[in-house]
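Reviewing the structure listed below.
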Protein chains: 2
Amino acid sequence: MSDNNKETPQLLLENQICFPLYAAANAVVRAYRPLLEKLDLTYLQYIVLMVLWEEETLNVKSLGQRLRLDSGTLTPLLKRLDAKGYVERRHSEIDERIRVISLTKQGKALKSRAEGIPHELVCTVGLSATKGRELKEICDELIRALAD
Amino acid sequence: MSDNNKETPQLLLENQICFPLYAAANAVVRAYRPLLEKLDLTYLQYIVLMVLWEEETLNVKSLGQRLRLDSGTLTPLLKRLDAKGYVERRHSEIDERIRVISLTKQGKALKSRAEGIPHELVCTVGLSATKGRELKEICDELIRALAD
DNA sequence: GGCAACTATATTGCGCACAATTTAGATTCG
DNA sequence: CGAATCTAAATTGTGCGCAATATAGTTGCC
């Protein structure tokens, strides 16, 4: 334990925990790409729509809190979803600063077309349900630990 | 099992495995940022240097295989590391197509300054060694499953 | 009412990721 | 030898992520 450094040198890529996490996240986004191409969506756009399929309507801030992303990422992304005709971006009438994001008819219609995607991905990955749960738990713990 | 959909609808963010993975990877890169700022490095630049601290010299392709990244990502990154004076990018004399990347004296010197960083991060995260190992294993499995 | 502090979103700029293409050099094989 | 094929790296273009800053609009307080 005290001669930890000799046994597992910290600066070897082999011994990193974060790098596999980082590489796995890239790999997953890459794996989603061909499945989402049919819907003309990127991975993050798909995630944003997933929130909207639940909530119908919401503003940039609460979306950002949910996904841990800021307006610098979300504003241009929402403009692209708008350009594709999947969402609308209205100004709140109560508070002009707030952008109210809502699904268009086309945006709602995408939901049924997306239904099969998570299962398709699970199949190509072939991760057991147990390991999937473990992964989710550890990642959630990490996220909580690193929140602000 | 057959009415899986009713019990855990696939299109709820809450039920996603990949999203926590994605968000955790972002969180980790974010957490590294202030630690790496002192060395004038981004997370990926740090990872690339880590490979070079092991290998002394290598070309773009083998670096890319190691990190699962392509020349579109690596070429500009290596140019930036070059501009910072941490690496050199020579053409191989045997095969002019190949770029041989090697550490400069300054690049080598960074290693000792980076020594404390992994431990610093582990502390802010506070993930147990067991869970760290589990996370690494599952991510490695995911990466293998999604390779090409 | 009016001004200071605050808040929500937008903008700018940089550095990844990666698909698609281009460029230049190496290899193969008739 | 030399054209076709292959290969390594570079380039181009799009879309994140996010820090830093800017722009409006709102609220609080005198």
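So that the names make sense, note that chain A is the first sequence line, chain B the second, and so on, each numbered from 1. Side chains included, hydrogens not; waters and symmetry mates left out as well; all remaining heavy atoms used.
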Integer-rounded Å distance: dG15(C) P and Leu81(B) CG: 11 Å
Other residues, nucleotides, ligands: >12 heavy atoms within 6.0 Å of Lys131(B) NZ: no
Thr42(B) side-chain proximity, nearest of dA19(D), dA26(C), dG15(C): dG15(C)
From dC18(D), dG25(D), dA8(D), nucleotide with atom closest to Lys61(B) side chain: dA8(D)
Phosphate contact (dC16(D) OP1 or OP2) by Arg80(A) side-chain N/O below 4.0 Å: yes
Length of the CG-P vector between Asp40(B) and dA19(D), whole Å: 17 Å
Side-chain donor-acceptor pair present, Ser92(B), Asp95(B), cut-off under 3.5 Å: no
Touch class at under 4.0 angstrom, heavy-atom based, for Asn26(B) against every strand present: sugar-phosphate
His91(A) NE2 - dT26(D) C1' separation (whole Å): 15 Å
Integer-rounded Å distance: dG15(C) P and Tyr46(B) OH: 20 Å
Donor-acceptor pair between Lys84(B) and Gln106(B) side chains, under 3.5 angstrom: no
Residue Arg90(B) excluded, over 12 heavy atoms near CZ under 6.0 Å: no
Closest-nucleotide 5' rank along DNA chain D - winner of Ala27(B) and Ile94(A): Ala27(B)
Rounded distance (Å) that lies between atom C1' of dT7(D) and atom CG of Asn59(B): 12 Å
From dT9(C), dC16(C), dC16(D), nucleotide with atom closest to Gln45(B) side chain: dC16(C)
Plane angle bin for Trp53(B) and Tyr46(B) - parallel if under 30°, tilted between 30 and 60°, otherwise perpendicular: perpendicular
Residue Ile98(A), side-chain atoms from C-beta onward, closest of dT9(C), dG15(C), dA9(D): dT9(C)
Donor-acceptor pair under 3.5 Å, Ser71(A) side chain vs dA10(C) base: yes
Lys79(A) vs dT11(C): side-chain N/O to OP1/OP2 distance below 4.0 Å: yes
DNA chain D: 5'-proximal contact among Leu77(A) and Gly72(B) (nearest heavy atom): Gly72(B)
Nearest-angstrom distance from the residue atom CG of Leu69(A) to P of dA10(C): 15 Å
Short side-chain N/O contact to dA10(C) OP1/OP2 from Arg89(A), under 4.0 Å: yes
Any Leu11(A) side-chain heavy atom under 4.5 Å of Glu115(B) side chain: yes
Check: dT9(C) base within 3.5 Å donor-acceptor of Arg97(A) side chain: no
Distance, rounded to the nearest Å, where Arg68(B) contributes CZ and dC16(C) contributes C1': 18 Å
Position toward the 5' end of DNA chain C (nearest nucleotide), Val60(A) or Leu44(B): Val60(A)
Nucleotide nearest Arg33(A) (side chain, heavy atoms from C-beta), chosen from dA19(C), dG25(C), dC18(D): dA19(C)
Spacing between Arg99(A) atom CZ and dT23(D) atom C1', to the nearest angstrom: 13 Å
Sugar-phosphate, base or nothing in reach of Asp95(A), heavy atoms under 4.0 Å: sugar-phosphate
